[in-house]
Number of protein chains: 2
Amino acid sequence: MSIQSRKERERAQREKLIITAALELAEAEGWEAVTTRRLAERIEYSQPVLYSHFKGKDAIVAAVAVEGCADLAVELRAARTAAPDATSALARISAAYVAFADRRPALYDAIFNQTVDLPFATPEAPAALHAAFDELAAAVGPHANGADLGLLTETFWAALHGLVTLMRGGRLPREHHDTRLALLLERFTGTPAGPGRTL
Amino acid sequence: MSIQSRKERERAQREKLIITAALELAEAEGWEAVTTRRLAERIEYSQPVLYSHFKGKDAIVAAVAVEGCADLAVELRAARTAAPDATSALARISAAYVAFADRRPALYDAIFNQTVDLPFATPEAPAALHAAFDELAAAVGPHANGADLGLLTETFWAALHGLVTLMRGGRLPREHHDTRLALLLERFTGTPAGPGRTL
DNA sequence: CTCCGAGTGCTAGCGCTGCTAGGAACAAGA
DNA sequence: TCTTGTTCCTAGCAGCGCTAGCACTCGGAG
């Protein structure tokens, strides 16, 4: 009994180790630097060990993504609940979203750009992802104006994702990013928004 | 003279051949199937020939992207100029944008997801890209309402890109895509938009 | 205490990738 | 006809994701 469970515990621990090592490596040098060989070296095991835990490299990235969703959800929640009113709630949660993508690009990539395997807009999607989405929905809700909340949230999310992605890919200059975000908020809240709109 | 220029002509022709072969291969089997070996085989030259034309594989993708921008610009222009009024112009150009990404995913990827090397939001960006952007700007213009047109266009473009990207990556279900697009248009035109909004 | 069998993790290697060095073959000018 | 310069191919490097098959370790039975 106990010895069996110890082994399981150690195994689970090693799996966690793989995930955190992959994330660290990705955050330090980008996902293109995360190879199975380097990952194996980092966890001080041989390459094939990875495949006894995960079906392939993609599955490792997916595992990192699932973990990352939780972080994202937490940060979005904090931003939203700290806001005094509905309009600034959307502004703050948006800023938090962008800041997350900016501060943890590797994690953001894992969730939204890298892999495709994990289910998304279905009930089987990771709970943390739903949580993150719900935070966004809660912030969008007051500005729905009768529109379908789910779809409107998806649309707003897509807009944020587009801004983040194009900026990170060098398609949009970082300059005036705040203004673009403010413009987006204006369009979704109907109000001429507050800060960062001076240009 | 003439013999020199003939060689140059042949060389340019072969370069074009490489680009179209890469695009065809990508459209048929996706960019992950475009390897230098397969590309070389397809143009019936050896691998190193590719490197006498382009610095590396990325440069080939970039070349494809530049060509693709022209196509995109043409389609956007056609959609915009065919519209009877400002509101439907934005709707049609948006639909055309999405349709382009949907119908030619490999080309869209080359332009917006794949490579990073080509300059974008700078004067050195390919002229066709500027043309495409200008089409969007012309459609967004009437709804700018005093906002900076360039930045507003960028924001709208980002939103479209987000919708397209998330849907293509499986992050958003294809279902109700039209409704999401309609919601976005509502927010940018201020009007409760026309067709495809029944859900 | 000994031995066996399950299971764990290693070495080695496959077929692929992007990319490059070096030489063969060919064409143009003397 | 010989030389010179270019063109393009063969062969190979280092690294990729992934896997087959063996060596070893270690818990449990006799």
Side-chain angles (χ1 to χ4, degrees), chain A residues 1-19 21-23 25-26 28-65 106 109-110 114-118, chain B residues 1-19 21-23 25-26 28-65 106 109-110 114-118:
Chain A
M1 266 306 165
S2 146
I3 137 170
Q4 177 87 1
S5 74
R6 190 209 73 215
K7 287 200 173 182
E8 282 173 16
R9 212 167 48 238
E10 286 175 351
R11 226 189 122 69
Q13 203 170 328
R14 196 174 59 184
E15 190 158 317
K16 190 88 182 170
L17 180 63
I18 294 173
I19 295 174
L23 176 59
L25 201 47
E29 309 182 41
W31 279 107
E32 74 282 351
V34 181
T35 71
T36 56
R37 270 164 249 265
R38 293 193 62 182
L39 191 50
E41 190 187 12
R42 203 172 174 109
I43 64 170
E44 297 181 309
Y45 280 95
S46 73
Q47 243 184 322
V49 165
L50 301 175
Y51 294 88
S52 76
H53 287 271
F54 301 95
K55 213 178 77 184
K57 191 189 167 182
D58 286 358
I60 298 176
V61 180
V64 172
D109 278 348
Q114 206 73 14
T115 181
V116 172
D117 288 5
L118 69 168
Chain B
M1 265 306 166
S2 149
I3 139 168
Q4 176 88 1
S5 75
R6 191 209 71 215
K7 287 200 175 185
E8 281 174 16
R9 213 166 47 236
E10 286 175 353
R11 224 189 123 70
Q13 203 170 325
R14 195 173 62 182
E15 189 158 317
K16 190 90 180 169
L17 179 63
I18 294 173
I19 295 175
L23 177 57
L25 201 48
E29 309 182 42
W31 280 107
E32 73 281 354
V34 181
T35 70
T36 55
R37 269 166 250 263
R38 292 193 63 182
L39 192 50
E41 190 187 12
R42 204 174 173 105
I43 64 170
E44 297 180 308
Y45 280 95
S46 73
Q47 245 184 320
V49 165
L50 301 175
Y51 294 89
S52 77
H53 286 271
F54 301 95
K55 211 178 76 182
K57 192 189 167 183
D58 286 359
I60 298 177
V61 180
V64 172
D109 279 348
Q114 207 72 12
T115 181
V116 172
D117 288 5
L118 69 169

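Below, chain A is the first sequence line, B the second, and so on; all start at residue 1.
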Seminar exercise, completed: Between A:Ala22 and A:Ile60 the two heavy atoms that sit nearest each other are CB-CG2, 3.9 Å

Exercise. When B:Ile18 is tested against each of B:Val64, B:Ile43, B:Leu23 for side-chain contact (heavy atoms from CB on, under 4.5 Å), which residue passes?
Worked result: B:Ile43

For this session: Just report the end-to-end axis angle for the helix from C:dC1-D:dG30 to C:dA30-D:dT1, five pairs per end, to 10 degrees.
Result: 30°

Exercise. A:Glu10 CD to D:dT25 P: how many Å, rounded?
Worked result: 17 Å

Exercise. What is the distance from CD1 of A:Ile18 to P of D:dG17, rounded to the nearest Å?
Worked result: 14 Å

For this session: Write down the atom of A:Ile19, the atom of A:Ala63, and the distance for their closest heavy-atom approach.
Result: CD1-CB, 3.7 Å

Exercise. Is B:Arg11 touching bases, backbone alone, or none of the nucleic acid, heavy atoms closer than 4.0 Å?
Worked result: nothing

Exercise. With a cut-off of 6.0 Å (strictly less than), are more than 12 heavy atoms of other residues, nucleotides or ligands near CD of B:Glu10?
Worked result: yes

For this session: Indicate for each nucleotide in nucleotides 11-23 of chain C, in 5' to 3' sequence, whether protein heavy atoms under 4.0 Å reach the base (B), only the sugar-phosphate (S), or nothing (-).
Result: B-B---BBBBB--

Exercise. Atom CG of A:Leu50 and atom P of D:dC16: how far apart are they, to the nearest Å?
Worked result: 13 Å

Problem set entry | Selection residues 46-65 of chain B - residue pairs positive for salt bridge (Lys or Arg N to Asp or Glu O under 4.0 Å), sequence neighbours left out | none

Exercise. Looking only at heavy atoms, which two atoms of B:His53 and B:Arg11 are closest? And how far apart?
Worked result: CE1-O, 3.3 Å

Problem set entry | A:Glu41 CD - C:dC10 P separation (whole Å) | 13 Å

Problem set entry | Atom pair distance, as rounded to whole Å: CZ in B:Arg14 and P in D:dT6 | 15 Å

Seminar exercise, completed: B:Glu15 CD to D:dT7 P, in whole Å, measures 14 Å

Exercise. How many Å lie between CD on A:Glu44 and P on C:dT8, as a whole number?
Worked result: 21 Å

Exercise. Which heavy atom of B:Ser46 sits nearest a heavy atom of B:Ala40, and at what distance?
Worked result: C-CB, 3.8 Å

Exercise. Looking only at heavy atoms, what is the nearest atom pair of B:Ala110 and B:Trp31, with distance?
Worked result: CB-CZ2, 3.7 Å

Problem set entry | d(NE2, B:His53; P, D:dC9) in whole Å | 11 Å

Exercise. How long is the gap from OG1 on B:Thr35 to CD on B:Gln47, to the nearest 0.5 Å?
Worked result: 7.5 Å

